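Have a look at the structure below, then the notes.
Predicted model, so just to flag it, every value in this text is computed and none were measured.
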Amino acid sequence: QVQLVESGGGLVQAGDSLRLSCAASGRTFTSYGMGWFRQAPGKEREFVAAINWNGGRTYYTDSVKGRFTISRANAKNTVYLQMNSLKPEDTAVYYCVSNIRSWGTRESADFGSWGQGTQVTVSS
């Protein structure tokens with residue numbers, strides 16, 4: 001089982017940038033595809049982005065394409081989510097996930113491990 005710890009959340013203004021980090025420990029980090037989900041108040045968890053084991057492939061939800069970039073540094077056991085041009089609708093708790101069971105999936109049940117989440121708040 002891999003343990004995931006997110007960091008980098010905070011309160012920013014619309015148009016600002018943030019970079020989230022996810023430190024992984026436990027089983028071999030490079031074996032897994034990784035990703036990010038988010039959950040806004042009163043809404044269901046939503047897929048945001050995913051990256052394969054070596055960083056060579058990624059996919060995103062449409063609402064963040066062109067603004068968010070997922071990357072990973074396997075030597076540091078860390079996955080990142082660079083978020084630019086943030087909007088108030090990006091406000092949510094962001095969760096790091098690992099162990100993608102099916103490449104291309106956007107279903108939360110297809111991700112095996114979850115972090116505790118980090119809050120991102122974007123003010124208008």
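T78 places a side-chain N or O within 3.5 Å of a backbone atom of K76 that can act as its donor or acceptor partner. For the pair Q39 (side chain) and A92 (backbone), a donor-acceptor distance under 3.5 Å is absent. At least one donor-acceptor pair under 3.5 Å links the side chain of N52 to the backbone N or O of R57.
Annotation: cation-pi geometry not satisfied between R38 and Y95 (NZ/CZ under 6.0 angstrom from ring centroid, within 45° of ring axis).
For the residue pair T105 and E107, the shortest heavy atom distance occurs at OG1-N, 3.1 Å. For the pair M83 and Y94, the tightest heavy-atom approach, listed with the atom from each and the gap, is SD-CE2, 3.9 Å. Residues R101 and A109 approach most closely at NH1-O, 2.7 Å, considering heavy atoms. The minimum heavy-atom distance between M34 and C22, with the atom names listed, is CE-SG, 4.4 Å. Taking every heavy atom of both residues into account, C96 and L4 meet most closely at O-CD1, 3.5 Å. A pairwise comparison of heavy atoms in V2 and S113 identifies CG1-OG, 3.4 Å as the closest pair.
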Exercise. Going through the distances and angles, do T118 and L20 end up as a side-chain contact (heavy atoms from CB on, under 4.5 Å)?
Worked result: CA-CA 8 Å; T118 185; L20 305 183; 4.0 Å; yes

For this session: Please report the C-alpha distance between W114 and E6 in whole Å, then the side-chain angles of each, then the deciding distance to 0.1 Å, and finally whether the side-chain contact (heavy atoms from CB on, under 4.5 Å) criterion is met.
Result: CA-CA 10 Å; W114 291 70; E6 303 95 336; over 6 Å; no

For this session: Report the C-alpha distance between S124 and Q13 in whole Å, list the side-chain angles of each, state the deciding distance to 0.1 Å, and finish with yes or no for side-chain contact (heavy atoms from CB on, under 4.5 Å).
Result: CA-CA 6 Å; S124 57; Q13 293 186 332; over 6 Å; no

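L18 and V79 fall within the same hydrophobic cluster, where Ile, Leu, Val, Met, Phe, Trp and Tyr residues are linked whenever their side-chain heavy atoms come under 4.5 Å apart, directly or through other members. Under the 4.5 Å side-chain heavy-atom criterion for grouping Ile, Leu, Val, Met, Phe, Trp and Tyr, F111 is not connected to Y32 through any hydrophobic cluster. Hydrophobic clustering (ILVMFWY, side-chain heavy atoms < 4.5 Å, transitive): V122 and V48 are in one cluster.
Expressed to the nearest 0.5 Å, how far CD of E89 lies from NZ of K43 amounts to 8.5 Å. Atom CD of residue E44 and atom CZ of residue F37 lie 11.5 Å apart, to the nearest 0.5 angstrom. Atom CZ of R67 and atom OG of S85 lie 7.0 Å apart (nearest 0.5 Å).
In this structure the side chain of T69 never reaches within 4.5 angstrom of the side chain of L81, judged on heavy atoms. Side-chain contact between T91 and Q119: present, with at least one pair of heavy atoms (C-beta onward) separated by less than 4.5 Å. Within the 4.5 Å cutoff, the side chain of T121 has no heavy atoms near those of the V12 side chain.
Ring centroids of F68 and W36 are separated by 6.0 Å or more, keeping the two rings apart. A centroid separation of 6.0 Å or more is found between the aromatic rings of Y60 and F47. For Y59 and W103, the distance between ring centers is under 6.0 angstrom.
For K87 and D90, the salt-bridge test fails: no basic side-chain N is under 4.0 Å from an acidic carboxylate O.
If you check the side chains of N84 and S17, you find a donor sitting under 3.5 Å from an acceptor. Using a 3.5 Å distance cut-off with no hydrogens or angles, the side chains of R72 and N74 do pair a donor with an acceptor.
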